[in-house]
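Down below is the structure, laid out as structure tokens.
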Amino acid sequence: MQNGFRNVLMLAVLPLAMNVAFAAAKAEKAPAPAPAPAAAAAPTLSAEDKAATGKTYFERCAGCHGMLRKGATGKNLEPANTAKLGQARLEKIMTYGTEGGMVNFDDILSKKEISNMATYLQMPAEAPPEWSLADIKNSWKLLIPVDKRPTKQMNKVNLANVFSVTLRDSGEVALIDGDTKKIWAVVKTGYAVHISRMSTSGRYVHVIGRDGRYDLIDMWTEMPTTVATLKAGFEARSIEASKFKGYEDKYAVVGSYWPPQYTILDGLTLEPLKNVSTRGNTVEGVYHPEPRVASIVASEIKPEWVINVKETGMIKIVDYSDLNNLKETTINSAKFLHDGGWDSTKRYFLVAANASHKVAVVDTQTSKLAALVDTAKIPHPGRGANFKHPKFGPVWATSHLGADVISIIGTDPKGHPESAWKVVQELKNHGANSLFVKTHPKSENLWSDAPLNPDPKMAGSVSVYKIADIGNPDVKAEVIDIAAAANIGKTKGVQRVVQGEYNSTGDEIWFSVWTGNKTEASAIVVVDDKTRKVKTVIKDPRLVTPTGKFNVYNTMHDIY
Ligand code: DHE
């Protein structure tokens with residue numbers, strides 16, 4: 001803890017000390033300078049406002065801009081940049097958002113909170129404390145030991161078709177029975193849960209909160225039960241189980257944003273086993289103090305995880321077969337690595353390098369970079385979508401935050417070598433600011449959202465293409481207003497329709513209607529994939545700000 005502060009202090013103090021010494025030496029020779037005009041007072045906040053604004057920064061801003069405000073998905077917000085913009089301009093940007101993808105906050109923060117944030121951003125960034133393996137161990141609670149858990153499933157729920165749904169602003173997940181569309185249980189978790197992943201057996205749900213709280217939920221008990229929990233760091237986004245034969249459910253891994261590290265845990269108890277820092281040099285060879293762990297996937301062909309380090313642009317292939325002699329292969333790709341998914345063979349992993357407008361392709365058979373594919377601005381695939389293109393064979397698709405297109409990338413170097421690792425086609429999306437595309441091996445459709453679009457109509461709609469027609473140059477998407485179909489009435493927050501997720505049989509796609517406000521109604525809209533008609537709208541007062549939905553079977557098997 002002290003080290004972190006000391007490092008930052010050193011960084012701050014060293015240049016100052018050098019400047020003072022240099023200035024003193026110069027002053028001996030030079031004539032006395034004319035008195036400088038009084039400097040403008042540095043922006044400041046009361047201790048109370050600073051603490052409250054710091055909390056809001058962590059909750060709402062740090063994900064995109066970084067704890068140290070060095071920038072990644074969002075811009076660098078260190079005082080050198082923010083002071084140039086000034087109080088009024090900063091307030092305007094936060095109030096109305098920008099075309100570059102920054103959303104408006106006038107429906108989330110009050111005028112006073114926006115004003116305080118504009119001031120806070122002009123003050124120097126402070127590094128949060130470190131969080132060691134010992135800290136993680138101290139936070140670890142094994143609530144139900146393995147030998148006290150049931151030896152068979154004690155309920156009649158079809159677990160393969162359960163959806164773990166992030167209730168973003170209530171710090172919970174809802175486990176929804178996909179067959180009955182009823183909420184089976186709401187389970188308390190960390191703050192603003194980011195993702196759920198499944199154990200290889202499909203029995204356990206691993207849930208990670210943005211605040212680094214990790215919960216392991218057992219679905220064999222009569223009602224879903226948290227059997228272990230810990231705090232992996234102060235900010236986290238990713239988790240994964242071990243999936244190689246012989247290692248099923250043996251290990252789990254959690255990637256933290258702060259401190260920048262990944263931690264390997266026992267897969268059944270969450271006992272913390274190993275902590276590995278991701279601090280180091282970027283692809284340009286420049287040291288970065290905050291290279292955050294973005295997406296993680298587990299290989300099925302080797303005892304390995306692919307761990308993507310955002311700010312350095314380095315992809316780590318981590319071999320978990322010998323934790324004491326951990327082997328890491330570090331692959332240079334491009335910045336800033338974010339989300340991604342497997343190709344249909346699960347040999348190649350495709351990950352968005354969003355600030356470089358590229359998709360990096362890793363060959364997990366050879367542990368080498370297969371390609372860096374140029375795409376439209378800011379690819380954001382979620383896990384992407386795999387399907388057979390009528391002309392180019394197996395392909396993977398991503399939509400974009402920065403462009404109103406869906407890029408289709410060839411993924412078949414053997415069968416279609418001329419189109420492998422190239423954008424073979426761009427389809428029009430109904431808007432930019434898209435986050436997720438989705439299809440299913442049993443589906444004929446490719447779906448795409450645009451939840452961060454500044455136009456509420458676009459944010460509430462999805463595009464859907466018939467895959468068989470995609471080769472046709474005049475192909476057009478059907479655009480469906482999902483928010484209107486949900487019919488939740490007028491809300492203060494924009495009704496953003498986000499992240500399609502299929503049921504286990506691949507004949508329904510579920511979308512969240514997310515208002516970003518926990519006091520307002522939300523819904524999940526279930527669409528019949530064949531007819532594209534709304535089948536059910538799940539409304540329930542317990543469904544607070546639903547966002548990500550993770551179907552057990554599809555998540556276990558990486559089906560997308
Ligand atoms: Fe996500 C995946 C990071 C904002 C919903 N998000 C991911 C992954 C990362 C990430 C690194 C990949 C995890 C993996 O596969 O292991 N997300 C971030 C951010 O840093 C960012 C930009 C800002 C933040 O503060 O967190 C951010 N994400 C959001 C949202 O605002 C979303 C839309 C709503 C929410 O719940 O917060 C959101 N992110 C999701 C979802 C996934 C995801 C639903 C998983 C997609 C999947 O199909 O697996």
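Order of appearance sets the numbers: ligands from 1, and atoms from 1 within every ligand. All values below were derived from every heavy atom in this structure, side-chain atoms included, with hydrogens, water molecules and symmetry-related copies excluded.
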So for atom NZ, which belongs to K181, do other residues, nucleotides or ligands contribute more than 12 heavy atoms lying within a distance under 6.0 Å?
yes
In Å, rounded to the nearest 0.5 Å, how long is the span from CG of L543 to CD1 of I183?
5.0 Å
Protein residue, atom and distance nearest to atom 43 (C) of ligand 1, heavy-atom basis:
H194 NE2, 3.6 Å
Note: heavy atom closest to atom 30 (C) of ligand 1, options R383, Q499, H65, R210, belongs to R210
What protein heavy atom is closest to atom 41 (C) of ligand 1, reported as residue, atom name and distance in Å?
F436 CZ, 3.5 Å
Should the pair E130-R279 be classified as a salt bridge under the 4.0 Å nitrogen-to-oxygen rule?
yes
Could you identify the single nearest non-hydrogen protein atom to atom 44 (C) of ligand 1 and state the distance to 0.1 Å?
G548 CA, 3.4 Å
Are more than 12 heavy atoms, taken from residues, nucleotides or ligands other than K346, located less than 6.0 Å from that residue's NZ atom?
yes
Among side-chain atoms of H440 and Y560, is any donor-acceptor pair under 3.5 angstrom?
no
Can you tell me the protein heavy atom closest to atom 8 (C) of ligand 1 and the distance?
D339 CB, 4.3 Å
Residue from I239, L265, I307 passing side chain to side chain contact (heavy atoms under 4.5 Å, CB included) with V253:
I307
In the protein, what heavy atom is nearest to atom 36 (O) of ligand 1, and what distance, to one decimal place, separates them?
T547 OG1, 2.6 Å
Heavy atom of the protein closest to atom 12 (C) of ligand 1 (residue, atom name, distance):
S295 CB, 3.8 Å
K457, NZ atom: more than 12 neighbouring heavy atoms under 6.0 Å
no
At under 4.0 Å between heavy atoms, which part of L435 makes contact with ligand 1: side chain, backbone, both or neither?
side chain
Considering heavy atoms of the protein only, find what lies nearest to atom 35 (C) of ligand 1 and give residue, atom and distance to 0.1 Å.
R168 NE, 3.5 Å
Counting heavy atoms only, name the option from W305, Y257, W514 that's nearest to atom 31 (O) of ligand 1.
W514
Please report whether ligand 1 has a polar contact with G63, defined as an N or O pair separated by less than 3.5 Å (distance criterion only).
yes
Regarding atom 14 (C) of ligand 1: of the candidates R197, E240, R60, which has the closest heavy atom?
R197
What are the atoms of ligand 1, with element, lying closer than 4.0 Å to any heavy atom of I296?
14 (C), 16 (O)
Of the listed options (A294, P381, S238), which comes nearest to atom 11 (C) of ligand 1 when hydrogens are ignored and any heavy atom counts?
A294
C64 heavy atoms, cut-off 4.0 Å: which ligand 1 atoms fall inside?
22 (C), 23 (C)
With atom 26 (O) of ligand 1 as the reference point, say which of R237, K438, R496, E501 has the nearest heavy atom.
R237
Residues, nucleotides or ligands: over 12 heavy atoms within 6.0 Å of K539 NZ:
yes
Under a plain distance cut-off of 3.5 Å, with no hydrogens placed, do D106 and T95 share a side-chain donor-acceptor pair?
no
Determine whether a donor-acceptor pair (N or O, by modelled atom type, separation under 3.5 Å) exists between the side chain of S299 and the backbone of K302.
yes
Name the closest protein heavy atom to atom 42 (C) of ligand 1, giving the residue it belongs to and the distance to 0.1 Å.
I195 CG2, 3.7 Å
